[in-house]
Amino acid sequence: MITEAVAKHAQTLIEGSRFPAYVYDLDALREHGRRVQEALSKPGAPAIFYAAKANPDPAFLRALAPFVDGFEVASGGELQHVLDAVPDAAIVFGGPGKTDSELRLALDLGVERIHVESPFELARLANLARDHEGGVDVLLRVNLAGDRSGVALAMTGPFGMDPILIDSCHEILHSAPWIRLRGIHAHLASGLAAGPMLRQAEEILSWARPWLKSTGVANPEINLGGGMAVDYNIPDALFDWEAYGQGMAELACPGEGLRIEPGRAISVYAGWYITDVLDVKEAHGEWYAVLRGGTMQIRTPVTKGHNHPFLILPQNGKTGPSVEGRPVTLVGQLCTPKDVFARQVQVKRIEVGDLVAFSMAGAYAWNISHHDFLMHPKPGFHYLSASGSTWQDDPMTITRAP
Ligand SMILES: *Cc1c(COP(=O)(O)O)cnc(C)c1O
């Protein structure tokens with residue numbers, strides 16, 4: 001799976017051997033954002049807050065801004081960063097272990113909502129916000145037991161408050177009227193297809209609605225989290241946003257504001273990690289292709305334990321060894337057997353000098369990688385757009401918006 005713009009751009013990188021490269025198709029990102037927005041445009045369908053941690057590249061944030069209602073951030077660093085990139089953005093601030101200085105920053109910068117993770121955090125926020133003009137709007141994050149078997153990542157454990165702990169927030173809220181409780185936040189699991197995601201929404205709503213009613217929250221908001229499924233084994237099988245939007249519109253109640261905060265399923269398809277083959281060889285009956293770069297630059301296959309999807313762009317350079325019609329393991333330049341992009345994948349042919357384009361590299365790829373390990377040159381970052389393409393060395397150098 002590769003867009004025409006990216007395939008074309010890959011060939012231009014051969015001169016000067018500008019590999020590895022992250023190539024981002026911003027038009028594809030915008031088009032995907034527009035489709036998701038459209039699927040969620042029915043009355044009652046949830047507002048979209050893009051989870052910046054999936055890919056906080058300023059170019060991504062700006063490209064997505066017109067298609068989302070705001071951004072979800074999970075640290076003071078992300079908060080400052082997102083506002084630098086998109087100054088007028090509505091920000092919701094969640095995540096465990098918020099420090100006083102992060103909470104103060106959130107108050108100073110005027111985030112739209114703070115998602116509170118514990119009674120202690122709420123009490124500290126109450127203290128910090130006492131003299132804050134205008135008060136502060138919060139959602140309380142709930143952690144529901146439920147059966148999460150079969151999900152990619154269950155957000156059980158320390159996240160949010162179980163229904164018993166959340167009740168102990170009442171007292172703090174009573175004593176701090178400058179904190180406005182606006183609703184409930186939940187992010188229970190990652191990797192759910194539309195059907196299970198809708199059933200999880202029902203589960204959250206059936207707990208949250210009576211709780212919010214008994215607490216007396218008018219026009220409550222319920223943030224159902226992110227975690228929409230992405231299937232690295234079937235790159236074309238996108239999350240069914242249409243079915244999800246339809247189902248959510250049916251679940252919605254008048255007077256209630258639903259929200260979601262997807263990350264991976266929004267940005268993953270807009271990025272490619274493209275590099276070239278340095279060596280091809282056989283060891284103990286297995287074939288290996290050694291690629292420039294490695295999983296220190298795209299950590300996704302190691303963290304997910306999968307074969308990362310890729311496409312070989314043959315160059316027929318006859319510059320070195322090749323292998324045909326055999327399973328090949330694609331590895332990088334790190335001195336560790338863990339540096340594997342994909343294991344034993346049948347290929348038609350792979351040769352030294354060929355390009356390999358790893359797709360689905362637009363989320364949890366560069367920004368989760370330990371890229372100083374072994375000190376290889378960093379990839380370049382290329383941003384493709386019909387209105388003008390650019391490239392730069394370090395995507396996170398901001399680029400403060402005018
Ligand atoms: C990570 C995270 C998200 C986004 O999850 P995706 O799987 O990328 O959609 C949303 N909300 C919270 C609280 C998170 O921690």
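Counting starts at 1 for both ligands and their atoms, in listed order.
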Worksheet item: Of the protein's non-hydrogen atoms, which lies at the shortest distance from atom 10 (C) of ligand 1, and what is that distance?
Response: E261 O, 3.1 Å

Response to the item:
The reported gap from CG in D354 to CG in L313 (rounded to nearest 0.5 angstrom) is 8.5 Å

Worksheet item: Cationic tip of R299 within the cone over W366's six-membered ring, i.e. under 6.0 Å and within 45° of the normal?
Response: no

Item to complete: Using a strict cut-off of 4.0 Å, indicate which atoms of ligand 1 neighbour a heavy atom of R264.
Response: 6 (P), 8 (O), 9 (O)

Response to the item:
Counting heavy atoms under 4.0 Å, the part of Y364 that contacts ligand 1 is side chain

Item to complete: Check whether any side-chain N or O of Y22 sits under 3.5 Å from a backbone N or O of A361 as a donor-acceptor pair, and report yes or no.
Response: no

Fill in: Sub-4.0 Å heavy-atom approach of P262 to ligand 1
yes

Discussion item. Centre-to-centre under 6.0 Å for F310 and F341, is that the case here?
Written reply: no

Worksheet, complete the sentence: Near S190 (heavy-atom distance under 4.0 Å), the atoms of ligand 1 are 7 (O)

Worksheet item: Is A54 close to ligand 1, meaning an N/O of one under 3.5 Å from an N/O of the other?
Response: no

Discussion item. Taking only non-hydrogen atoms of G227, do any sit less than 4.0 angstrom from ligand 1?
Written reply: yes

Item to complete: Give the numbers and elements of all ligand 1 atoms closer than 4.0 Å to a heavy atom of G226.
Response: 9 (O), 10 (C)

Discussion item. Run H308 and T300 through side-chain hydrogen bond (donor to acceptor under 3.5 Å, both in side chains) and show every step you take.
Written reply: CA-CA 8 Å; H308 207 86; T300 330; 4.8 Å; no

Discussion item. Heavy-atom distances under 4.0 Å decide this one: backbone, side chain, both or neither, for E72 against ligand 1?
Written reply: side chain

Item to complete: Report yes if some heavy atom in the side chain of Q200 is under 4.5 Å from a heavy atom in the side chain of L192; otherwise report no.
Response: yes

Worksheet entry | Element-labelled atoms of ligand 1 that are located less than 4.0 Å from some non-hydrogen atom of A51 | 3 (C), 4 (C)

Worksheet item: Within 45 degrees of the axis of the six-membered ring of F120 and under 6.0 Å from its centre: does R124 put its NZ or CZ there?
Response: yes

Discussion item. Check whether Y232 forms a cation-pi arrangement with K304 (NZ or CZ under 6.0 Å from the six-membered ring centre, at most 45° off the ring normal).
Written reply: no

Worksheet, complete the sentence: In this structure, atom 2 (C) of ligand 1 is nearest to the protein heavy atom K53 NZ, 2.4 Å

